[in-house]
Number of protein chains: 2
Amino acid sequence: MSKNEFICDCNVIHKDVVESTIKNMPDADIFNKLADFFKILGDTTRAKILSALDQNEMCVCDIANVLGMSKSSISHQLGTLRRSGIVKCRKQGKEVFYMLDDDHVQKVFEIGMEHIEHRK
Amino acid sequence: MSKNEFICDCNVIHKDVVESTIKNMPDADIFNKLADFFKILGDTTRAKILSALDQNEMCVCDIANVLGMSKSSISHQLGTLRRSGIVKCRKQGKEVFYMLDDDHVQKVFEIGMEHIEHRK
DNA sequence: ATTATAGTTGAATATATGTTCAACTATAAG
DNA sequence: CTTATAGTTGAACATATATTCAACTATAAT
């Protein structure tokens, strides 16, 4: 079996499989964006925030109270969610109301839930 | 407006919304499992591994070569994926072939991709 | 204007986690 | 039995990130 022509510390065992797999892999760029998206959902606090916002649009203090966490912590996470285009907000007086920006989130959560059910 | 009865550093502004949202929130347990599942997908290396395994079952060295990474690193990640029930493996001689255990992964990726497309 | 409250933000801290390294096990071949 | 290779694993290291804290801005009310 041929030695490794790729940048790796081990041999290529099935050259044909490796080469065809590499050929069909999406660009690294895609994986970075995809991983970033799932990373956002992969945090308990953010998951709870999104679940809450799936019920109602809410202001920062209300979300903080629903989760039993500090205003600052929630605001930081909302900033992260907003920069990722997953939530948007509107300002009304002193309050800032946050809401889901993207219906994909709900669908992704559903399938995640299916996976959890399937696992136990 | 009533002061906060919850463990939080700020006021409840819309008591009715907060209470009904709390009432309808899934258990903390669910959020932990859900976040853990997405955390797994939220890493570039693991996302690439899963994409590769979606094409073919593959041994550790082949995966390492497809990704251009060390055997050890890939093995660690495969361990993580296996413990999460996302991949399974079969042993054949010295080689261990890994494959997807769960068809939910593919569906989740598809929706993630839709989200990315939608975002640009 | 002053005061109070909603929300944001940067820095610091603590924790989680991905990769490397080295040592290890297991199987196959000579 | 010895050697080579596939794969695993724990510890160490480096990096990423969630929460806290304190200071800040913005709006509203007195």
Side-chain angles (χ1 to χ4, degrees), chain A residues 1-4 7-14 17-18 31-32 35-36 38-49 57-84 87-98, chain B residues 1-4 7-14 17-18 31-32 35-36 38-49 57-84 87-98:
Chain A
M1 190 54 64
S2 74
K3 269 277 170 188
N4 179 10
I7 5 106
C8 183
D9 68 340
C10 57
N11 294 331
V12 172
I13 300 180
H14 309 93
V17 174
V18 170
F31 287 114
N32 289 331
D36 284 345
F38 290 123
K39 214 173 288 181
I40 297 288
L41 307 179
D43 173 79
T44 311
T45 300
R46 285 191 295 266
K48 285 178 184 167
I49 291 175
E57 68 165 25
M58 265 188 277
C59 67
V60 179
C61 275
D62 284 346
I63 299 171
N65 278 289
V66 167
L67 303 207
M69 294 178 68
S70 73
K71 217 168 42 172
S72 172
S73 175
I74 298 299
S75 181
H76 275 298
Q77 295 295 12
L78 286 169
T80 299
L81 290 167
R82 193 168 39 71
R83 281 188 297 278
S84 303
V87 304
K88 58 186 174 186
C89 60
R90 70 183 172 83
K91 199 165 186 178
Q92 185 178 18
K94 282 185 296 186
E95 298 165 25
V96 179
F97 287 89
Y98 281 86
Chain B
M1 190 55 63
S2 75
K3 267 279 168 189
N4 178 11
I7 5 104
C8 181
D9 68 339
C10 58
N11 295 329
V12 173
I13 299 180
H14 309 93
V17 174
V18 170
F31 286 114
N32 290 330
D36 284 345
F38 291 123
K39 214 174 287 183
I40 298 288
L41 307 179
D43 174 78
T44 311
T45 300
R46 286 191 294 268
K48 286 178 186 168
I49 291 175
E57 69 166 24
M58 265 188 276
C59 68
V60 179
C61 275
D62 284 345
I63 300 172
N65 278 289
V66 167
L67 304 206
M69 293 177 68
S70 73
K71 216 168 44 172
S72 172
S73 174
I74 299 298
S75 180
H76 275 298
Q77 295 294 12
L78 286 168
T80 300
L81 290 167
R82 192 168 39 73
R83 281 187 297 278
S84 303
V87 304
K88 59 187 175 186
C89 60
R90 71 183 173 82
K91 201 165 184 177
Q92 186 177 16
K94 284 185 295 185
E95 298 165 25
V96 179
F97 287 89
Y98 281 87

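Small disclaimer: the values here were computed from a predicted structure and weren't measured. What's counted below: heavy atoms across the whole structure, side chains too, no hydrogens, waters or symmetry copies. Proteins come first, then strands; the chains are lettered A, B, ... in the order of their sequence lines, and each starts at number 1.
- Put simply, B/K71 has no side-chain N or O that comes within less than 4.0 Å of OP1 or OP2 on D/dT8.
- In this structure, B/I49 places its CD1 atom 14 Å from C1' of D/dG7, rounding to the nearest Å.
- For A/Y98, a side-chain nitrogen or oxygen approaches OP1 or OP2 of C/dT8 to under 4.0 Å.
- The side chain of B/S72 contributes no N or O atom lying less than 4.0 Å from OP1 or OP2 of C/dT20.
- Under the side-chain hydrogen bond (donor to acceptor under 3.5 Å, both in side chains) rule, A/Q77 has a single partner from A/R46, A/K48, A/R82, which is A/R46.
- Within the 4.5 Å cutoff, no side-chain heavy atoms of A/D43 are placed close to those of A/T80.
- For the pair A/M58 CE and C/dG7 C1', the interatomic distance rounds to 16 Å; values are reported in whole Å.
- Atom CZ in B/R82 sits roughly 7 Å away from atom P in D/dT9 (whole-Å rounding).
- For B/L81 and D/dT8, the CG to C1' distance is 15 Å, given to the nearest whole Å.
- Protein atom CZ of B/F97 is 12 Å distant from nucleotide atom P of D/dT8, rounded to whole Å.
- The minimum heavy-atom distance between B/S70 and A/D9, with the atom names listed, is CA-OD1, 3.3 Å.
- Look at CD1 on A/I40: it is 8 Å from P on D/dA18, rounded to the nearest Å.
- When distances are taken from the side chain of B/S73 to each of D/dA18, C/dT19, D/dA6, the shortest belongs to C/dT19.
- The heavy-atom pair separating B/S84 from B/I40 by the smallest distance is OG-CD1, 3.2 Å.
- A close approach under 4.0 Å does occur between a side-chain nitrogen or oxygen of B/N11 and OP1 or OP2 of C/dA6.
- In terms of modelled atom types and a separation under 3.5 Å, the side chain of B/D62 and the main chain of A/I13 share a donor-acceptor contact.
- Residue B/H76 places its side chain closer to D/dA11 than to any other of D/dA11, C/dG18, D/dT8.
- Nearest to the side-chain atoms of B/D43 among the listed nucleotides D/dT19, D/dG7, C/dG18 stands C/dG18.
- B/I13 places its CD1 atom 6 Å from the C1' atom of C/dA6, with the value rounded to the nearest Å.
- In this model, the phosphate group of D/dT20 is approached by a side-chain N or O of A/S70 to a distance below 4.0 Å at OP1 or OP2.
- For the pair A/V60 and B/T45, nearest-nucleotide mapping onto DNA chain C gives the more 5' position to A/V60.
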Note to self: How would you summarise protein contacts on nucleotides 23-30 of chain D per nucleotide, using B for base, S for sugar-phosphate only and - for none, with heavy-atom distances below 4.0 Å?
What the structure shows: ---SBS--
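- No side-chain heavy atom of A/I74 sits less than 4.5 Å from a side-chain heavy atom of A/K71.
- With C/dG7, C/dT19, D/dT19 as the choices, the nucleotide that has an atom nearest any side-chain atom of A/C59 turns out to be C/dG7.
- Distance from the side chain of A/R46 is smallest to D/dA18 among D/dA18, C/dT8, C/dT19.
- Between B/C8 and A/N65, the shortest heavy-atom contact is CB-OD1, 3.4 Å.
- Regarding A/Q77, its CD atom lies at a distance of 15 Å from the C1' atom of C/dG7, rounded to whole Å.
- Contact detail for B/A47 and B/L41: the closest heavy-atom pair is CB-O, 4.2 Å.
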